[in-house]
**Q** 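I have a structure I would like to understand better, so I am pasting it below and will then ask my questions one at a time.
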Amino acid sequence: MDDDGLMLIRIEVSDLPGRAIGPGPTFGGVTNVHVGVQRKDHPDEVLDPRPGDAGSAAWTLECAASAGAEGIEISGRYVQNRFGGRFVYLSWGTVDEVGLFTMFRRAKLMLGAVEPKVLEAATRTGCLTAKLGLTDPQGHPLCGAVRPPLVAWSATRR
């Protein structure tokens, strides 16, 4: 972390479920599936939606890290702060013929689940990296709160 607390979060994903998803217990089948990072408090704004059949995808988010009452706190344009802690939303949605993204479910990358030693190291290296697969055991888009071992967090060079 440099003197002004700037840090990056890099999200690297693989094993995407596909562009067409059959019906599941909580939703009907969907087509032209994409995934992107949701902006804080703006569910209609998704950063760089990637097709659900991509081999992999990655996003890099600028954020700030600062000392807080419970350790290092991360904030930024894409860091949510509610519902039991700080997290980053990966939003799943469909994209229509004019490019409109309509969200149908989300995964929450829980920042409170990052090991404190990893988070401390990331403040020194300048980047906190998450690596995860995005297909759940039923072959649907991963959703809900995501913590290790479903996501591997590491401190990486900026």
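Numbering of residues begins at 1 and proceeds along the displayed sequence. Note that the structure is predicted; figures quoted are calculated from it, not measured.
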**Q** Please report the interatomic distance CH2(W92) to CZ(F101), rounded to the nearest 0.5 Å.
**A** 9.0 Å
**Q** Let me know which of L8, I74, L47 forms a side-chain contact (heavy atoms from CB on, under 4.5 Å) with L61.
**A** L47
**Q** Suppose we screen for side-chain contact (heavy atoms from CB on, under 4.5 Å). Which residues come up paired with D136, at least two apart in sequence or across chains?
**A** Q138, H140, L142
**Q** Strictly by side chain to side chain donor-acceptor pair (under 3.5 Å), give each pair with a member in residues 7-16 just once, sequence neighbours left out.
**A**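 Pairs touching residues 7-16 that pass the test: R10-E12, R10-T60.
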**Q** Hey, any chance V46 and V88 share a hydrophobic cluster, counting ILVMFWY side chains that come within less than 4.5 Å of each other, even indirectly?
**A** no
**Q** Quick one, L150 and L132 - any side-chain contact, counting heavy atoms below 4.5 Å?
**A** no
**Q** Can you check whether V79 reaches E73 side chain to side chain, under 4.5 Å on heavy atoms?
**A**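 The answer is no, as the side chains (C-beta and beyond) never meet within the 4.5 Å cut-off.
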**Q** Considering all heavy atoms of both residues, which atom of M7 and which atom of L128 are nearest to each other, and what is their separation?
**A**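 Reported closest heavy-atom pair: CE-CB, 4.2 Å.
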**Q** With side chain to side chain contact (heavy atoms under 4.5 Å, CB included) as the criterion, how do E62 and R77 come out once you've worked through the C-alpha distance, each side chain's angles and the decisive distance to 0.1 Å?
**A** CA-CA 8 Å; E62 290 185 358; R77 185 178 179 142; over 6 Å; no
**Q** In sequence, state the C-alpha distance, the side-chain angles, and the governing distance for W59 and V13, and then conclude on side chain to side chain contact (heavy atoms under 4.5 Å, CB included).
**A** CA-CA 9 Å; W59 300 269; V13 300; 3.8 Å; yes
**Q** So do R19 and N32 actually touch side chain to side chain, heavy atoms under 4.5 Å?
**A**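 Yes - at least one pair of side-chain heavy atoms lies under 4.5 Å apart.
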**Q** Search all heavy atoms of A113 against all heavy atoms of P148 and return the closest pair with its distance.
**A** CB-CD, 3.7 Å
**Q** Can you tell me how far apart CD (Q38) and CE (M103) are? Round to the nearest 0.5 Å.
**A**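 The CE atom of M103 is 6.0 Å from CD of Q38, to the nearest 0.5 Å.
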**Q** Is the number of heavy atoms from other residues, nucleotides or ligands under 6.0 Å of R82 CZ greater than 12?
**A**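 Yes, because the 6.0 Å sphere around CZ of R82 holds more than 12 heavy atoms from other groups.
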**Q** For the CZ atom of R147 and the CG atom of L111, what is their distance to the nearest 0.5 Å?
**A** 11.0 Å
**Q** If you define the side chain from C-beta out and look only at heavy atoms, does anything of R106 sit under 4.5 Å from P43?
**A**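 A side-chain contact exists here, since the closest heavy-atom pair is under 4.5 Å.
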**Q** Is it possible for you to say whether V37 and V95 belong to one hydrophobic cluster, with membership spreading through side-chain heavy-atom contacts below 4.5 Å?
**A** no
**Q** Between K40 and Y78, is a side chain to side chain contact (heavy atoms under 4.5 Å, CB included) present by the stated rule, with each step listed?
**A** CA-CA 5 Å; K40 178 182 179 182; Y78 295 95; over 6 Å; no
**Q** Can you check side chain to side chain contact (heavy atoms under 4.5 Å, CB included) on L119 and W153, steps first, answer last?
**A** CA-CA 9 Å; L119 190 51; W153 292 100; over 6 Å; no
**Q** A side-chain contact here means heavy atoms from C-beta on lying under 4.5 Å apart; do P141 and V35 qualify?
**A** no
**Q** So how far is it from K108 NZ to R86 CZ, rounded to the nearest 0.5 Å?
**A** 14.0 Å
**Q** As an exercise, state the distance from NE2 of H34 to CG of L16, rounded to the nearest 0.5 Å.
**A**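 The CG atom of L16 is 10.5 Å from NE2 of H34, to the nearest 0.5 Å.
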**Q** So, using side-chain contact (heavy atoms from CB on, under 4.5 Å) as the criterion, who are the partners of D44 when residues are at least two apart?
**A**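 D44 satisfies side-chain contact (heavy atoms from CB on, under 4.5 Å) with H42 only.
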